[in-house]
Number of protein chains: 2
Amino acid sequence: MSRKRWRAVKEIRIADVARLAGVSTATVSRVLSDPDKVRQKTHDLVMEAVRRSGYTPNSTAQKLRTRRTMNVLVVAPRLTNPVFAETLRGVDDELTQSGYGIIIGNLDNRREREARYVDLALSRQVDGVLLLTGYIPENGTRSMRESGLPIVAMCAAIDDDMIPNVVVQDREASRRAVEYLARLGHRKFGYISGTPGSIIESERFGGFLEGIAAAGLSQDEIVRWEGPFVFSTGVAAAESFLQMTERPTGIFAACDESAIGFIKRVRSERVRVPQDVSVIGFDGIELSDYTEPTLTTFRQPLHELGRAGADTLMKLIRKEMKPGDWNVRLPLELLERDTTGPVLHKDYKSLRRATI
Amino acid sequence: MSRKRWRAVKEIRIADVARLAGVSTATVSRVLSDPDKVRQKTHDLVMEAVRRSGYTPNSTAQKLRTRRTMNVLVVAPRLTNPVFAETLRGVDDELTQSGYGIIIGNLDNRREREARYVDLALSRQVDGVLLLTGYIPENGTRSMRESGLPIVAMCAAIDDDMIPNVVVQDREASRRAVEYLARLGHRKFGYISGTPGSIIESERFGGFLEGIAAAGLSQDEIVRWEGPFVFSTGVAAAESFLQMTERPTGIFAACDESAIGFIKRVRSERVRVPQDVSVIGFDGIELSDYTEPTLTTFRQPLHELGRAGADTLMKLIRKEMKPGDWNVRLPLELLERDTTGPVLHKDYKSLRRATI
DNA sequence: CATCAAGATGTAATCGATTACAAAGATCGA
DNA sequence: TCGATCTTTGTAATCGATTACATCTTGATG
């Protein structure tokens, strides 16, 4: 096992390559960035010197001079959220194609982390910002916007002329969820919330209420359980549900995880899904197709959303559009699976029991 | 709706602040980076000017001058992998504390993407590299190492003196998984693989074989199903399993997802877990506690792993250690849950049936 | 062959900070 | 008050590229 002493290798600068090729630094630079501007012969000479020396341009110097960092900041609510991960894949696909890199801004659901990323943006370490969270506060967003930095909001809509929104139709889908359950005969509803205070949660709850109203029901009829976008929120909701004497028959969960947590808990107490209670989720995460029974839910077009957001940001950075020019609202797809079914009326239910 | 014409705001440079405060740029710089070096009065004067002008230092210029980018590259196999996401959280915690940022290198399981990130590293956009993947090829790793860039390997061990390894004890845990099943009386084993060719997979399969040997069994006794680290690999394995006449009774899956896929599929054909077949997973993802039945598995200390890896990289960057000085191998924790149980011998099984 | 335009290359300013070194100012004891 | 010493501040070089402008080649054309 040879143990050479560690030591930094001397850096090769553009001047070294120029000397090696017998040309000026300007020529080397031109060969690398705009080859048509130099004679073929010189081009080959320089490339050979580049190859021999193993030169790689110092991107920091390039950035300083060109004022383009080729990086964008992606602010995320929580890294372990699968919805976020899938969106990020779409973002990554698009940005990589354009030669941009991703700097991760992970809030980890703690608002105090925002300041750090606002600073990052303001110190011009990035050419643009993608907000995958509804958490950046009004004044943080404002100072970023005022600095002229391109921003795209991919959380639920931010109401700001200067910030294009690329979002999914949360509100519409939530309303449709209720309508769907109502069409199956459900009249008593439960709502399992997402992280209280987040824009996404309020959009989804808003849509849910619209659906309730559209079905001609009063808000007094509904039950609402609060908690963040995680499994255990559904489990807690189930505990409460199990205590009730007049149970709702139609449950809308603001995310698939809580829907799954709910179902698992109630089934362990011999409550049948969908015979005793119908559950509809939101997101369409991969797992929702692997539960027992498979989950009825709305699939978010996350990959597409990520690409669309990144594409919009690219357009903004390249000044191919102005902020007000563009808003995208992608539709969700209802996946009718096995956790929803028609309401079984009491008599029908006993009838059915008798025949089994 | 007012629509002002969009226009970049003029940048404020350190010279502007200096002029505003009536001092030199050197003084402003000192106030910001080493306040003890200036008189209190000057300090206040400068800070007031900073505040009034809304100055934020241009970090690109700082980087060029100080030769520190305060960014590290994290190379990941696939963003949507929950194991990766959880590790990244640990990395993020540690790096944020040290003021470092994360640039994401997403391979998305495609090797051809490596080149891009090797370039990124070589062009000194980052101060160090964390490899969360076993995919960076030998020559990519070598050129990064030769450039003197600090690297830490957090995939399974890379055999290179110059690269510290911070890993979990994959091999040992896999061996223990077999031992555990053997102690429950199992003699016929099945192995559901992870992504063929990845270092992680070969470590886990290696450990599995060690366990088989330790149990005094021959390799002929085992069945091996191949596929990537995803649900569907387990489903496919289950299809094959269901066709068999002499089925294995002890299944080791190289990741929780495939274990869950397997269980779901066999249960839908009325195979009972753990009575008919015991299944043990690997990773300990959150979901493994929400399946029916709950999954016996090895929990990786992912958050800790992420922190340890990032900490090691920090030490390397600050030259507080040399690459050969340090290797970490974290143990895994066996979570004994409900998908494993003793082998039921035929006679015992019928006896048991009779009593029910 | 002279002239001129187009093309290729070189020179040096520039991006915006940090910091070595020089210069000026404060402090103190004799 | 004077110089010695220590603090504070300013001047200008520097990091490593890009690029406007100047200069030199080349080649075409009358």
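Below, chain A is the first sequence line, B the second, and so on; all start at residue 1.
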Heavy atoms of A:Val166 and A:Gly309 approach each other most closely as CG1-N, 3.7 Å
B:Arg30 (side chain) and D:dG10 (base): donor-acceptor pair under 3.5 Å
yes
Considering residues, nucleotides and ligands other than B:Lys37, do more than 12 of their heavy atoms fall under 6.0 Å from its NZ?
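At most 12 heavy atoms, drawn from other residues, nucleotides or ligands, come within 6.0 Å of this atom.
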Distance check needed: [N] [atom2] versus [X] [atom1], whole Å only.
X	N	atom1	atom2	answer
A:Arg65	D:dT18	CZ	C1'	5 Å
B:Gln62	D:dT14	CD	P	21 Å
A:Leu32	D:dG16	CG	P	16 Å
A:Arg124	C:dG16	CZ	C1'	10 Å
B:Arg19	D:dT11	CZ	P	13 Å
A:Glu11	D:dT14	CD	P	18 Å
B:Asp36	D:dT9	CG	C1'	16 Å
A:Arg68	C:dG16	CZ	P	15 Å

Are OP1 or OP2 of [N] and a side-chain N or O of [X] less than 4.0 angstrom apart?
X	N	answer
B:Arg13	C:dA17	no
A:Thr66	C:dC15	no
A:Thr27	C:dG10	yes
B:Ser29	C:dT18	yes

Short side-chain donor-acceptor distance under 3.5 Å, B:Thr80 and B:Arg78:
yes
Flag for B:Asp44-B:Gln40: side-chain donor and acceptor within less than 3.5 Å:
yes
Look at all strands and tell whether A:Thr42 reaches a base, only sugar-phosphate, or nothing, counting heavy atoms closer than 4.0 Å.
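Sugar-phosphate, no base atom in range.
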Counting any heavy atom closer than 4.0 Å, what does B:Arg67 reach on the DNA or RNA strands: base, sugar-phosphate only, or nothing?
sugar-phosphate
Comparing nearest nucleotides in DNA chain D, the 5'-proximal residue of the pair A:Ala26, B:Gly22 is B:Gly22
Between D:dG10, C:dA17, C:dA12, which nucleotide gets closest to the side-chain atoms of A:Thr25?
C:dA12
Side-chain contact check for A:Arg39: nearest option of C:dT11, C:dA8, D:dG16 is C:dA8
Would A:Arg113 and A:Asp119 pass as an ion pair if we require N to O under 4.0 Å?
no
